[in-house]
Novice: 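Right, I'll just put the structure down here and ask away after.
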Amino acid sequence: MTTVEAAGAAARGTVVLIPAGALEQHGPAMALGTDLVRAEAVVAEVATNLPGRVVVGPSIPVGVSPHHLRFPGTVTLTTGTFAALVREYVTSLHRHGWTRFLVVTGHGGNNAALTTVAQDLLVSHPDVQFAWSPLTALAGDAVAALRPSAVHGHSGEAETAQMLYLAPHLVHTDRLEPGTTTPDQLDDVSRVARHHAQPTLTLPYDRLSPNGVLGDPRRATADDGAAIVKAVVGRITAFLEDWPAS
């Protein structure tokens, strides 16, 4: 877009889609930028589904990842820095007429900060409607069809499947290896953290898994990833179709 085209898109009441990711370890086989790759790909597919109704805003490549810092290559923002970055993206674009924003995050560590931003914007910019969405969590049915390990998640079956579908050149298939797959591999505190969805207990990933992987990524296929991505794209698209402009 040029600035002229941006002005026209804002005047049409388009929704700004902002992909957010992380730069963090994804086990020995996947790229540090996995979360951004997935978020950008999903946003691109959603935009294709809704021509003229959305615009793709600037990506946020680094997220909130202190729980991965023991693994080389990980870069993290504090929650305050990440939240400030999101707010400043929104407030900059709001000056030009955009009022609806959807952040699509490939990294769960960003979730709490995004909720905080949403609450703050209710006061600072009451005419702004700010939404955010995860990726894999929207496709619980497709993930369940994978029959993942008893312990699964980061860099496991579902995430690896998505990358095999979206960016297979970024997966070193010869390095795929299981991480923690059963509760008996966890220490007592980690077992509590993984067993209970609520209350939430946050732990560093090197405590949960020596190689940073939860699950067995060797079981993932590109077809599994396609099913997950299709479900995520469909549900985000449906939300946007239902979201009125006023």
Novice: Write down the atom of Leu146, the atom of Ile228, and the distance for their closest heavy-atom approach.
Specialist: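 Closest heavy-atom pair between Leu146 and Ile228: CD1-CD1, 4.0 Å.
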Novice: Evaluate salt bridge (charged side-chain N to carboxylate O under 4.0 Å, His left out) for Asp188 paired with Arg191, printing each intermediate quantity in order.
Specialist: CA-CA 5 Å; Asp188 291 344; Arg191 197 173 300 120; 3.0 Å; yes
Novice: State plainly whether one hydrophobic cluster holds both Val123 and Val128, where clusters connect Ile, Leu, Val, Met, Phe, Trp and Tyr through side-chain heavy atoms under 4.5 angstrom apart.
Specialist: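 Each belongs to a different hydrophobic cluster.
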Novice: So do Val104 and Val232 actually touch side chain to side chain, heavy atoms under 4.5 Å?
Specialist: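 A side-chain contact under 4.5 Å is absent here.
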Novice: Less than 4.5 Å apart, any side-chain heavy atom of Val37 and any of Leu170?
Specialist: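 The answer is yes, as the side chains (C-beta and beyond) meet within the 4.5 Å cut-off.
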Novice: In Å, rounded to the nearest 0.5 Å, how long is the span from CG of Leu85 to CD1 of Ile18?
Specialist: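 Rounded to the nearest 0.5 Å, the CG-CD1 separation comes to 9.0 Å.
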Novice: Donor-acceptor check, side chain of Gln25 to backbone of Gly212, threshold 3.5 angstrom: yes or no?
Specialist: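 Yes.
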Novice: Check whether any side-chain N or O of Arg100 sits under 3.5 Å from a backbone N or O of Gly13 as a donor-acceptor pair, and report yes or no.
Specialist: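 Yes, the answer is positive, given that a donor and an acceptor are paired below the 3.5 Å cut-off.
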Novice: Considering all heavy atoms of both residues, which atom of Leu77 and which atom of Val62 are nearest to each other, and what is their separation?
Specialist: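 Nearest pair, atom of Leu77 first, then Val62: CD1-O, 3.4 Å.
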Novice: Listing request: all ring-ring contact (aromatic ring centres under 6.0 Å, His included) pairs with a residue in residues 104-131, at least two apart in sequence or in separate chains.
Specialist: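 Those involving residues 104-131 are His67-His107, His94-His125.
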Novice: If you round to the nearest 0.5 Å, how far is CG of Leu186 from CG of Leu203?
Specialist: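 Here the rounded value is 9.5 Å.
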Novice: Atom OG1 in Thr79, atom CG in Leu114: separation rounded to 0.5 Å?
Specialist: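 Between Thr79 OG1 and Leu114 CG, I get 11.0 Å after rounding to 0.5 Å.
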Novice: List the residues meeting side chain to side chain contact (heavy atoms under 4.5 Å, CB included) with Leu32, not counting sequence neighbours, and say none if there are none.
Specialist: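 Checked Leu32 against side chain to side chain contact (heavy atoms under 4.5 Å, CB included); matches are Leu23.
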Novice: Do Glu24 and Ser65 meet the criterion of a side-chain donor-acceptor pair at a distance under 3.5 Å?
Specialist: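 On atom types as modelled, these side chains qualify, holding a pair under 3.5 Å.
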Novice: Could you tell me which non-hydrogen atom of Arg207 sits nearest to which non-hydrogen atom of Ser190, and how far apart they are?
Specialist: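 It is CG-OG, 3.5 Å.
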Novice: Could you verify whether a donor N or O on one side chain and an acceptor N or O on the other, from Thr105 and Asn110, lie under 3.5 Å apart?
Specialist: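 Yes, a side-chain donor-acceptor pair sits under 3.5 Å.
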Novice: Evaluate whether atom CZ of Arg70 has more than 12 neighbouring non-hydrogen atoms of other residues, nucleotides or ligands under 6.0 angstrom away.
Specialist: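 Not buried by this count: 12 neighbours or fewer within 6.0 Å.
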Novice: Does Trp132 share a hydrophobic cluster with Val117, counting links as ILVMFWY side-chain heavy atoms below 4.5 Å and allowing steps through other members?
Specialist: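 Trp132 clusters together with Val117.
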Novice: State, yes or no, whether a side-chain contact exists between Thr81 and Thr78 at a heavy-atom distance under 4.5 Å.
Specialist: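 Yes - at least one pair of side-chain heavy atoms lies under 4.5 Å apart.
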Novice: Flag the pair Glu157 and Arg218 as a salt bridge only when some basic side-chain nitrogen lies within less than 4.0 angstrom of an acidic carboxylate oxygen.
Specialist: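 A salt bridge is absent here (no side-chain N lies under 4.0 Å from a carboxylate O).
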Novice: Do Thr160 side-chain atoms and Gly156 backbone N/O form a donor-acceptor pair below 3.5 Å?
Specialist: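 Yes: the side chain of Thr160 pairs with the backbone of Gly156.
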Novice: Go through the steps for Val86 and Phe101 under the test side chain to side chain contact (heavy atoms under 4.5 Å, CB included), then give the verdict.
Specialist: CA-CA 10 Å; Val86 175; Phe101 300 85; over 6 Å; no
Novice: Could you report the tightest heavy-atom contact between Pro19 and Leu36, atom names first, then the distance?
Specialist: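 So the minimum-distance heavy-atom pair works out to O-CD1, 4.2 Å.
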Novice: Working to the nearest 0.5 angstrom, can you tell me the gap between Arg235 CZ and Ser133 OG?
Specialist: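 Reported value, rounded in 0.5 Å steps: 11.0 Å.
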Novice: Side chain to side chain contact (heavy atoms under 4.5 Å, CB included) between Thr180 and Leu208: does it pass, once the steps are laid out?
Specialist: CA-CA 7 Å; Thr180 300; Leu208 298 173; 5.6 Å; no
Novice: For Thr115, is there any backbone N or O sitting under 3.5 Å from a side-chain donor or acceptor partner on Gln119?
Specialist: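 No, Gln119 side chain to Thr115 backbone: no donor-acceptor pair under 3.5 Å.
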Novice: Nearest 0.5 Å please: distance from the CH2 atom of Trp243 over to the CZ atom of Arg53.
Specialist: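 If we round to the nearest 0.5 Å, Trp243:CH2 and Arg53:CZ are 12.0 Å apart.
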Novice: State whether Arg147 and Asp224 are salt-bridged, where the test is any N-O pair (Lys NZ or Arg NE/NH1/NH2 against Asp/Glu carboxylate O) under 4.0 Å.
Specialist: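 Between Asp224 and Arg147 there is no salt bridge, as every charged N stays at least 4.0 Å from the carboxylate O atoms.
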Novice: Looking at side-chain heavy atoms only, is the closest gap between Arg38 and Thr136 below 4.5 Å?
Specialist: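 A side-chain contact under 4.5 Å exists here.
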Novice: Can a side-chain donor-acceptor contact be found between Thr237 and Asn49 if the only test is distance below 3.5 angstrom?
Specialist: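 Judged by distance alone, the side chains do pair up.
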Novice: Cut-off 3.5 Å, side chains only: do Asn211 and Ser209 have a donor facing an acceptor?
Specialist: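 Looking only at side-chain atoms, Ser209 and Asn211 do form a donor-acceptor pair, the distance falling under 3.5 Å.
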Novice: With a 4.5 Å heavy-atom cut-off, do Met163 and Pro168 have their side chains touching?
Specialist: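 No, their side chains stay 4.5 Å or more apart.
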Novice: Would you kindly say whether Gln185 and Thr181 are connected by a side-chain donor-acceptor distance under 3.5 Å?
Specialist: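 On atom types as modelled, these side chains qualify, holding a pair under 3.5 Å.
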Novice: Same cluster for Leu93 and Leu102 if Ile/Leu/Val/Met/Phe/Trp/Tyr side chains link at under 4.5 Å?
Specialist: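 No.
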Novice: Quick one: pull up OG1 in Thr116 and CZ in Arg87 and give me the separation to the nearest 0.5 Å.
Specialist: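 Reported value, rounded in 0.5 Å steps: 8.5 Å.
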Novice: Which pairs pass ring-ring contact (aromatic ring centres under 6.0 Å, His included) with one or both residues in residues 147-181, sequence neighbours excluded?
Specialist: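 Non-adjacent pairs meeting ring-ring contact (aromatic ring centres under 6.0 Å, His included): His26-His154, His68-His154, His154-Tyr205.
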Novice: Is it true that Leu240 and Leu138 fall in one hydrophobic cluster, defined by side-chain heavy atoms closer than 4.5 Å?
Specialist: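 The answer is yes; both residues are in one hydrophobic cluster.
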Novice: Taking side chain as C-beta onward, heavy atoms only, is Thr173 less than 4.5 Å from Leu164?
Specialist: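 Counting from C-beta outward, Thr173 and Leu164 do come under 4.5 Å.
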Novice: Any side-chain heavy atom of Val46 within less than 4.5 Å of one from Ile236?
Specialist: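 Sidechains of Ile236 and Val46: in contact.
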Novice: Which atoms form the tightest heavy-atom contact between Val213 and Ser155, and what is the distance?
Specialist: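 Shortest heavy-atom contact: CG1-O, 3.5 Å.
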Novice: Side chain to side chain contact (heavy atoms under 4.5 Å, CB included) for Val16 and Val54? Distances and angles first, verdict last.
Specialist: CA-CA 6 Å; Val16 181; Val54 302; over 6 Å; no
Novice: Are Ile60 and Val75 grouped together when hydrophobic residues (ILVMFWY) are joined by side-chain heavy atoms under 4.5 angstrom apart?
Specialist: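 Yes, same cluster.
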Novice: Determine whether a donor-acceptor pair (N or O, by modelled atom type, separation under 3.5 Å) exists between the side chain of Glu5 and the backbone of Thr2.
Specialist: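 Between the backbone of Thr2 and the side chain of Glu5 there is a qualifying donor-acceptor contact (under 3.5 Å).
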Novice: What is the minimum heavy-atom distance between Tyr89 and Pro58, and which atoms define it?
Specialist: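 Here Tyr89 and Pro58 meet closest at CE2-O, 3.3 Å.
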